[in-house]
Structures are given as structure tokens and as C-alpha cells.
Amino acid sequence: MSKLQQQIQRYAELIIQVGVRIQAGQKLVINASLDSADLVRLLVRKAYEAGAFSVKVIWADDAITRTRYELAPDDAFLEEPKWLAGELQELAEQGAAVISVVSSDPDLLKGIAQERIVNHQKTYGKAMSTYRQMMQSDKISWCVVAAPSKAWAAKVFPGSTEEEQYVSLWNAILKAVRCDLEQPIQAWDEHIANLNARSEHLNARKYKKLHYTAPGTDLTIELPKGHLWVAADSINVNGVSFVANLPTEEVFTAAKADGVSGYVSSTKPLSYGGNIIDNFKLTFENGSVVKAEAERGLETLEGLLAMDEGARRIGEVALVPYDSPISRSNILYYNTLFDENASNHLALGSAYAFNLEGGKEMSQDDLAKNGLNTSITHVDFMIGSADMNIDGITEDGTAEPIFRSGNWAF
Ligand code: ZN
Ligand code: ZN
């Protein structure tokens, strides 16, 4: 077996044993595209070896997705896929874990009419809202991972042969998830403990506000009372831990939906809905975006902001040091799973219920009453840089350094 194959084996084990931590008798759903078929076959094998009851794979294909956007009638983008949501919800109620393998071309929907993309996102977001709430309140174990596709690899590593690009992207992914190490599972135990030490410190400080400054950014974010900083691992409704993103380098909490003011500039391109938004700046008043500017992809950005009222507000506040390993790799992935773990980021859209004390047991209305944002969308965007400073403001107005020059200050 080649070194690459060996590392991919370790990756599959890591996803099954640490990512979703499959239990004997548990069902599993895998969302993946045909580009990642080899990894998916391995995942299915490892899942059954770990005692899975059944594994349902939902296949997608970039070429077919593109064809639909080019040729399907307009009305088709207005239909909520209730049949799909129903199936996923039923499996989730039975305790099924879910793995999503991302590998799409970051430019997949370039040139497609914006209205079709927005309509799809709205109807899909609505149909999936109950399922998404189950995920965002830890009812089920879920894990998002990645595998290369040729198109994605070509975007990340332009200028070499197709084969070299593909292998380079595999190597970059495997390094980011620590599968270049002999004992990735042990490495993850240590990494999770380190991240949890950061979140415990922040939870003890109970900051009222965060103040971000950097070139193009002067932003104040109020945090809701009872907010919880969380990292890497979560505990599902049955008490089983899982890691929702592989890789993950972030420590994150919820923003107070009406407590964001000032302006913030992006520091990495955002691939959203098959299009790229780059060099953008958002201005907030009372929590809501009142002005959006972008050098590239303004129409796509405006489509995102128009999804619903909550899409104009911040749900998630995440801290990632500029010196994190993915950031140090200096690779621009054009994929949020990686780029968000190389940079401080925020998310437009829904907050996670588990970022509030008692939130996992609350209704959407109660979460909103406690200051958390609700929305049919959740999109992370990157704002971190080596020039970013962040202060935590305590209840009595004292400013304490959290980040200096892009890195942890405590
Ligand atoms: Zn995040
Ligand atoms: Zn997020």
C-alpha cells in the first residue's frame, strides 16, 4: 500500500471513530459526490466494521448538478425537496449519524442565473430547517470532511499536471486533519484538549462584548447572556461525543443577534453557492447588515443576505489563530471547511443552540428571545489576519486582550 493510501485509511478510521464515533447498531448517512467514491467505499467498510446497522449513501455529481442549473425549468427551483428532508429527518430520529464529504468545484455554478441559485438555496434551506435544527442542537452526530476532486484540485494548485494537483490536494487535506502522523486519533485527543482549555478560559471571563480591529475592520460584537464558547467536540443526545468538522481549529460562540455594530472586511475569498465572493466589506447597525460592498461576487453576496431576516445577522463568532497549522500551510483552499480553520471568522445566519446555556432544550422562539439569531442559512466568512487585534470587554467596561497580531493573547 502506498503512503498516500495508508494515510487515506487512517483518515477513514478517524472519521468513523472520532468524527461520528459510530456505535454498534447505529445507522449512518453519507452525503458525497462521485469524485470521492474511493473514500466513501472505505468509510462504508470502516462503519460496518465499527458495528453500523446500515449505511445509506446519497450520491451527488457536479456535472449533473451543473446540468440541472442549466436546463431544468425555473419552477423546479421553487419546489421544496420535502421528500429528501423527510427521509433524512426519519433517519435522524432513529439516531442515524451523518457524514458529508465535500469536494465540489468552487466555481461550479459560475455564469448560472443568480435567481435560480437563490431559489434553490431558499427552498432547500426551508425544507431542511427541522433537520438543521436537530444538527445545530446536537440531537445527532454529524461530521463534515473533504476529499479532492479534479476541478477543486486544479483551482487550489493551478499550473501543474492534473495528477499532481490531485495528489497535492490529498496531501494538503491529510496534513490538515493530522493523518500524516502515525497516530492521528491520539493527536486529535491532544488537539481537542488544547482547544477546550481556550474555551474554558473564555467561558470563565464571560465577556459582554468583543471588539475587533484590523485594516478595514472596526467591529463590536455583543455576546448574549449565558453564551458558551465551544470547540471541536460535541456530545449528542445519547451522550456520545463527535467532532462536527475535520479539520477544526476554532473556538466559537454565538453573537447577540441585535448586538453587532461597525464594519468588517473579508480576508479570504468565500466560495458560496458555486460562486466566489472576494474582498467584501459588511457594515452593521443594531446587528443587521446595512451596507454590503464586494470587489467580486456582489450579486451572490446580496443573494445570501436576502435569504431571510436572519441572513443579515451574525450567528457564529469563531476564533482561530493566524499561526494555526492550516493558516501556516499558506494554501488558499477556496473551501470554507479549510479556509475558516485558517482564520478568525463569523457566520451570517443561524446560531448554534449549544452555544447558549440550556440552549439545546430550547425552542427556536426561546433561542431568539435569548438573543440568538435564527435563519434558514449559516455561512462562515473569513476575517482574520496577522494584523487583527481583539479585546474582550467585561461587564464593567474593562478591555482585556484576547488576540494580538492575529494570535491568542492569553
Ligand atoms: Zn466556524
Ligand atoms: Zn459556522
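In each ligand, atom 1 is the first atom listed, and ligand 1 is the first ligand listed.
Between Met128 and Glu80 there is no side-chain heavy-atom pair separated by less than 4.5 Å.
Aromatic ring orientation, Tyr352 versus Phe354: parallel (interplanar angle below 30°, classes split at 30° and 60°).
Taking a cutoff of 4.0 Å between a charged side-chain nitrogen and a carboxylate oxygen, Glu13 and Lys46 qualify as a salt bridge.
Within Glu340, the N, O or S atom lying nearest to the Zn ion (ligand 1) carries the name OE1. For the Zn ion (ligand 1), the nearest N, O or S atom contributed by Glu250 is named OE1. Glu316 contributes OE1 as its N, O or S atom closest to the Zn ion (ligand 2).
The Zn ion (ligand 2) has an N, O or S atom of His378 under 2.8 Å away, backbone or side chain.
Taking the six-membered ring for Trp and the full ring otherwise, Phe410 and His201 have centroids separated by under 6.0 Å.
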